[in-house]
Every structure is written in structure tokens, then in C-alpha cells.
Amino acid sequence: MTESKTTQTAILDSAHAGDIRGALGSIARDDIAPRATLLARLKTLLAIVGPGLIVMVGDNDAGAFGTYTQAGQNYGTTLLWTLLLLIPVLYVNQEMVVRLGAVTGVGHARLIFERFGKFWGAFSVIDLLVLNALTIVTEFIGITFALHFLGVSQFWGVLASAVIVMLAVSTGDFRRFERFGIVLVAGSLLLVPVILMVHPPIGQIAADFFVPKMPQDAKLSEVMLLIVAIVGTTVAPWQLFFQQSYIVDKRITPRFIRYERMDLCIGIVLVVVGAVAMISFCAAVFAGKAEFGNYTDALGTAVGLETYAGRLPAVLFALALLDACIIGATAVSLATAYAIGDVFAVKHSLHRKPWDAKGFYSVYCGLIVLAAVLVLTPGTPLGLLTNAVQTLAGVLLPSATVFLLLLCNDRHILGPWVNSTKLNLFTGAVVAGLVMLSVILTAAVLFPDLGEAWIIGILVGGSLLALLVTAAVKFYEMSSRRNASFRFKRRPPLEPFPFRWNRNGAPDSCFDAFSSREPVPTSLENALVDRDSWRMPPLDRLPPARLSPLSRIWMIVLRGYLVVAAGLVLLRIVQLATVGA
């Protein structure tokens, strides 16, 4: 009863509570029976599967098609190793989102707003809205490329695509939408026959996937920018907001986190297979040809495939591009609509009919209509918009990862589901790497002639600076703890665990258990709290977030960097647009 009551008061939309009705199965809300057999576990996985598949395959969108095909056409298979390095980054980032969604029942934007204040809450929503709106425009640019190659009218094709994307979401039936999403996920596998028809050398693909190396006779600055683009298109900020809110909307609870992790792993396999396929067949098709090293866009890739590999592989590639753009536009628009609904606490669920959640569906459809209109308007600087999306995504990605890491260390939010020390160390290293890549990208946009020495200097200098600041702050924290421990020994001891206990021997309130004057030792916490039923308390009962000195320093640095970098990048984009006009 305690779990049900907490769930009822913690969620922001009553439609987020109830039976799980997935595309491939259902689970009753009161079904807490153990999954003892392989068949029972398989049925549960089929009911849960969906969020991980859609968010991962949705990430192989128009921007990804452009980035991966450029890597293959310009540098062969030499950059495949970057995908291997990104697999753990993808899993760790999205797994933290899985726990946040299942345990809290609240979207990512609302948690940032509640834990870090109005400034960061507004910042997260505004930058998400701007970046996602531009991203959706790039999805429709990709749709025009596919339609042009297939010989379909771009005007009517874009309109039809926009209508399909809006109708698929506006049925008021969560299961119907998820089935639509699963069909699009299956459509992404059209890239597999293409690589089979082109049959690039498997041995070279395997070697370049597992052994890092840089392309020979290539400018380091250009290669680094492409690597940054691969990172930015593979680990995008919208993914965090979408998957957490979608898990909440699907009504997945901590009991099914292990199944959602499997769903995520399947999605990662699919996204990596698609990326490897695009890089590999482009490397094989364009090797030794005039187009090698002279990438244009995804349309040029389709034309090249038709010229050197035949009509069928090119058509399959164009259909896969169209499929990817539709699922990308859908997922990115939903991420924005969910975030707006979370922050303003209005109805925001795919379980609701359009007339029962007008604001939610208005934001979603408005973004689609805006993107379609911009793409169909003559004179719109589509190439500039595409570059702006990649640049802003690279600038804003570190902040999204920092908030994610801080939220997953907030014991009042995740209780027994907080990050482990090893996970924090790995994620901290990832954040540092993302910040440095973001700095390189920002510098390259502002200074197009940035030399190799500057890039190496940023990487080395940034690493040393981060290590020095971290070590200094940690030393300060350790000194403060020793002084506090010395003072504490002179005081009377506190009562060890002043909680109320329920009939099951666990703390009567999750909030009470994690708001005492002394923190609960990990061993006692694990012994008394059932992880499968632990849910975040209501938002208005959470105490203020307490940031460590190290976290405060990095938050200040991050705020200053984002203000300067984003402002300079936007200024540069405006200058380019003015010159183009």
C-alpha cells in the first residue's frame, strides 16, 4: 500500500500510473509474481521492450546518416573504433536515465527544475526547445533527400510525412504508438541488406573496429571535428529527456529495471550495427573513386551507391534514411512535449486523447508543422541549420551529462538506486572528455583555421586542469571532514536511527529514512529497503539539494562556459546567415 500511495503522489500525471500496455505484451499493475521460468521472463521482456529500442534507433537519424556516411566516404573504415568507445558511454548514460525514470516517476526536466532551481530548469527547457526544433528541421531535410532520390514530390512527400508523424502520436493509445515505433525500428534494418550486397572486407572492418588509429595523410583538425560530430550524433541531449519521460509514460517501475536494461542493450546493438554498416559500405563503394574524400550529403551517398553498387542498394538506403528521419522527428518532438508537460505540470501522456492533453499535443504538432514549413520555404538556409544543430548539440551535451550525474547521486531521489563509486568515476571521466570535445568544437566553429597544435593543447591542457582542480577540491574536502570529525568527538552522540518502522521492518517513509541527521550505512540500507518497491517521495517533500564543493565549482565553470560558448556560436551563426543573405 505504501508503494501505491507514493506512486500516486509522486507522479505528475495520473495517466502515468496503471497497467503496462506495451507493443508486444501487457503487465498488470498488481502483478508482482516472480518470473521463475524462461518463458515468463521472455514475456515480461516483450512487454517492457520499446523505450530503449526507440531512443537508440531514433538516434540514427538524419544527422547520424550524414555523419557516418561522411566518415566512410572520406576516411574509409579507420574511424570505426570510435563506435566501440561510445558503446559504454551510451549504456552508462541511458542506464542512469532508466533508473531515474523508473524510480522517480518524473521527467528529466522537472527533476532539474526542482533540484537545481529555476535558472537551470528554465535553461534546460529553453535550450532543449531550441535545439530540438532545429533537429526536427534536419530530419525533414533528410526526408527531402530521400524523396528526391526516390522520385517523389518533395512538397507532397513532406506534407504526407508530417501528417503521418502527427497522426501516429495523436491516437490517444500508447500501445498503438509503440507498435508504430517498433515498425520503424524494424525498418532501420534495411541497412543490413545494403552491406551484404556491397560485401566490404569483414577482416578490415573487424580490425578497424577494435584497433584505434587515425587516417593517414589527413588533417588532424578535420578528423577531430568529425570525431566530435560522431560523438554528438551518437550521444545527444534529447535522448536523456525522451527515454526518462517515455519510461514514466509506459508505467515502468523499479521492479522491471533489469528488463529495461536489456531493452536498452538491444537498442545499442541496433544503433551500432546501423552505424558500422553505413561507414563500411560507404568505405567500400567510394574507395578509389573520385568521390572519395569529397563528401557532399546523404543524397550524394545514395547517388554514389546507385552508380557503383546498383539501384537496389541505393533504394534501400534511401528508404532507411526516410524511416530514420520519421522516427527521429517523432522521438525528438515527443522529448520536447514531455519536457514542457513536466515543467508546467500539465497533462502529458500518450495514454490521453488530444482533447484531454491539449498543451502536450499542441507542442508536439507545432514543432512538426514548423519544421515542415521551414523546409518547404524557398530560401531557408538548410545547410546552415544543419551545422547549427551539430554545433549547439556539442556545446550543450556536457551540461546534460553533468545534471544526469548529479541527479543519480542524489539519495533523496534514487535512495538505494544511487550510483556506485566506480560508475561515478567512469561518468566523471566521460563528462571531462565531453567538455573538452565541446571546447574543441566551439573553437573550430569560431576559428575555422584552428591548427593541430591548438587541438592537442586543448586536450592536454584541459585534462591537466581538470585533474588539478579535482585534486585540490578533494584535498580541501578531506581536510574539512577531518576537522569536523575532531569537533564531533567532543559532542554528545546522536541517536543512531530516529525513524519510524513499519510492520515489515523497513522505514515507514522513504523520506524519513533518508533525511535523518546521520546517513544510513549502506549495509543497513540494503538490508531494510526493498529496491524493487522503492520510489521517490513526492516532490514537495524533498529537502533542498546539497552540492559538494567540487560539484559547486564545476557547476560555476559549466555555467560560465555555456553562456560564453553558446553566445559566441549563435553570434557566428547569425554572422554566416547575414553574409549568406
Side-chain angles (χ1 to χ4, degrees), residues 1-55 95 97-107 169 171-183 185 242-267 334 338 341 347-353 356-357 360 414-417 502-504 506 510 529-538:
M1 296 298 292
T2 303
E3 179 186 353
S4 176
K5 182 178 179 181
T6 302
T7 302
Q8 290 287 341
T9 54
I11 61 176
L12 300 174
D13 189 329
S14 59
H16 294 162
D19 298 344
I20 296 175
R21 299 183 68 253
L24 305 177
S26 301
I27 301 175
R29 182 180 184 179
D30 57 355
D31 181 1
I32 58 174
R35 271 59 178 173
T37 66
L38 179 61
L39 180 60
R41 290 193 288 269
L42 179 59
K43 288 182 177 179
T44 302
L45 176 61
L46 289 176
I48 296 299
V49 76
L53 287 180
I54 295 173
V55 74
E95 190 277 336
V97 170
V98 167
R99 281 183 283 127
L100 282 174
V103 174
T104 68
V106 177
V169 170
T171 62
D173 188 318
F174 185 94
R175 168 175 285 176
R176 192 173 299 161
F177 165 77
E178 188 162 88
R179 285 175 175 169
F180 171 77
I182 295 297
V183 170
V185 168
F242 172 81
Q243 189 171 10
Q244 183 168 334
S245 292
Y246 193 80
I247 285 173
V248 172
D249 203 6
K250 192 168 181 178
R251 303 162 176 172
I252 294 175
T253 62
R255 189 178 308 280
F256 303 107
I257 284 180
R258 61 182 66 89
Y259 293 97
E260 182 50 37
R261 287 170 174 161
M262 296 177 66
D263 173 39
L264 175 61
C265 289
I266 297 171
L334 269 178
Y338 276 134
K347 296 176 180 179
H348 54 294
S349 172
L350 293 174
H351 293 281
R352 295 186 180 277
K353 300 294 182 182
D356 192 31
F360 173 68
L414 284 184
W417 291 96
N502 63 24
R503 66 185 66 181
N504 298 320
C510 302
V529 178
D530 179 12
R531 280 162 57 93
D532 286 348
S533 61
W534 202 97
R535 303 301 300 274
M536 184 187 74

| message | When you measure from the side chain of Arg255 to the backbone of Ile252, do you find a donor-acceptor pair of N or O atoms at a distance under 3.5 Å? | response | no
| Listed by chain and number, what are the salt bridge (charged side-chain N to carboxylate O under 4.0 Å, His left out) partners of Arg41, not counting sequence neighbours? | none
| note | Rounded to the nearest 0.5 Å, the CG atom of Leu24 sits from the CG atom of Leu46 at a distance of 5.5 Å
| request: Could you walk me through whether Arg258 and Asp532 pass side-chain contact (heavy atoms from CB on, under 4.5 Å), step by step? | output: CA-CA 10 Å; Arg258 61 182 66 89; Asp532 286 348; 3.9 Å; yes
| query | Do Tyr246 and Val55 have side-chain heavy atoms sitting under 4.5 Å apart? | reply | no
| field | Audit row: Arg251, Ile27, side-chain contact (heavy atoms from CB on, under 4.5 Å) steps and yes/no | value | CA-CA 10 Å; Arg251 303 162 176 172; Ile27 301 175; over 6 Å; no
| field | Those residues that, when tested against Phe360, pass ring-ring contact (aromatic ring centres under 6.0 Å, His included) (two or more places apart) | value | Tyr338
| task | Using a 4.5 Å cut-off on heavy atoms from C-beta on, say whether the side chain of His348 contacts that of Leu12. | result | yes
| note | Taken in chain and number order and not counting sequence neighbours, the residues that satisfy salt bridge (charged side-chain N to carboxylate O under 4.0 Å, His left out) with Glu178 are Lys250
| field | Test item: Arg35 and Tyr259 side chains (from C-beta on) under 4.5 Å apart, heavy atoms | value | yes
| For Arg179, all residues meeting salt bridge (charged side-chain N to carboxylate O under 4.0 Å, His left out), sequence neighbours excluded | none
| query | Tell me, do Ile48 and Met262 make a side-chain contact under 4.5 Å, heavy atoms counted? | reply | no
| query | Quick one: does Leu264's side chain get under 4.5 Å of Gln243's, heavy atoms only? | reply | yes
| message | Looking at Arg531, is its backbone amide N or carbonyl O close enough to the side chain of Trp417 to form a donor-acceptor pair, meaning the two atoms are under 3.5 Å apart? | response | yes
| message | For the backbone of Gly50 and the side chain of Asp263, can you confirm whether one donor and one acceptor N or O come within less than 3.5 Å of each other? | response | yes
| field | Closest heavy-atom pair and its distance - Arg29, Ala17 | value | NH2-CB, 4.0 Å
| task | Quick one: closest heavy-atom pair of Ala23 and Ile182, and the distance? | result | CB-CG1, 3.9 Å
| Closest heavy-atom contact between Ile247 and Pro51? | CG1-CB, 4.0 Å
| request: For the pair Phe180 and Phe177, name the ring-plane relationship: parallel under 30°, tilted 30 to 60°, perpendicular over 60°. | output: tilted
| query | Any donor-acceptor pair under 3.5 Å linking the side chain of Arg99 with the backbone of Leu414? | reply | no
| field | Expected output: side-chain Arg535 to main-chain Ser533 donor-acceptor under 3.5 Å | value | no
| query | Under 4.5 Å between any side-chain heavy atoms of Val248 and Asp13, yes or no? | reply | no
| note | So OG1 of Thr44 and CG of Asp31: to nearest 0.5 Å the spacing works out to 7.0 Å
| task | Would you please indicate yes or no on a ring centroid separation below 6.0 angstrom for His351 and His16? | result | no
| request: For residues Ser245 and Gly107, report the shortest heavy-atom separation together with the two atoms involved. | output: OG-CA, 3.8 Å
| Considering only heavy atoms from C-beta outward, does the side chain of Leu350 approach that of Leu334 to under 4.5 Å? | yes
| Quick one: side chain to side chain donor-acceptor pair (under 3.5 Å) partners of Arg175, sequence neighbours excluded? | Ser26
| task | Return yes if some donor-acceptor pair links the side-chain N/O of Arg21 with the main-chain N/O of Phe174 below 3.5 Å, else return no. | result | no
| note | What one should report as the nearest heavy-atom pair of Asp249 and Ser349 is OD1-OG, 2.6 Å
| query | Side-chain contact, heavy-atom cut-off 4.5 Å: Arg352 with Ser14? | reply | yes
| task | With sequence neighbours excluded, tell me which residues meet salt bridge (charged side-chain N to carboxylate O under 4.0 Å, His left out) with Asp19. | result | none
